[in-house]
Amino acid sequence: MPMIELMSAHELATRLGFANSSGPFRNFCARVGIQPIRRNPLYFDPVHVRFQLDKAQHIPTHLAEGERKETGLVAQRRLRLAQQ
């Protein structure tokens with residue numbers, strides 16, 4: 001049985017370029033739609049975070065992870081613009 005991997009608020013904040021998990025980080029999360037797990041506001045689900053970030057950047061969510069890695073950023077942008 002695979003373990004559920006969670007990400008601490010501090011770890012997520014530093015990965016997103018914030019110094020710590022203070023007000024600006026929380027405002028960014030609220031604006032993008034990233035929510036902590038229900039029972040502990042200090043931890044986030046990485047799958048939810050990736051989904052919300054993709055959604056905010058208008059990256060199609062139907063692409064498989066492998067396809068997304070193989071597709072370059074320019075190709076992703078062209079695909080996004082073609083869908084609009």
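Below, all heavy atoms of this structure are taken into account, side chains as well, without hydrogens, waters or symmetry copies. This structure is a prediction, so every number in the text was calculated from the model and none was measured.
- Nearest heavy atoms, P46 versus F44: CD-O, 3.4 Å.
- Here the CZ-CD distance, from R80 to Q83, works out to 9.5 Å after rounding to the nearest 0.5 Å.
- Within a 6.0 Å sphere centred on CZ of R15, other residues, nucleotides and ligands contribute 12 heavy atoms or fewer.
- Tracing side-chain contacts under 4.5 Å through hydrophobic residues (I, L, V, M, F, W, Y), one reaches F18 starting from L12; they form part of the same cluster.
- Between the NE2 atom in H48 and the CE atom in M7 there is a gap of 12.0 Å [rounded to 0.5 Å].
- Looking at Q52, H58, Q57 one by one, the single match for side-chain contact (heavy atoms from CB on, under 4.5 Å) with K55 turns out to be Q52.
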Compile the donor-acceptor pairs under 3.5 Å between side chains in residues 25-40 and protein atoms, sequence neighbours left out, one pair per line.
residue, atom, partner, partner atom, Å
N27, ND2, G23, O, 3.4
N40, OD1, L42, N, 3.0

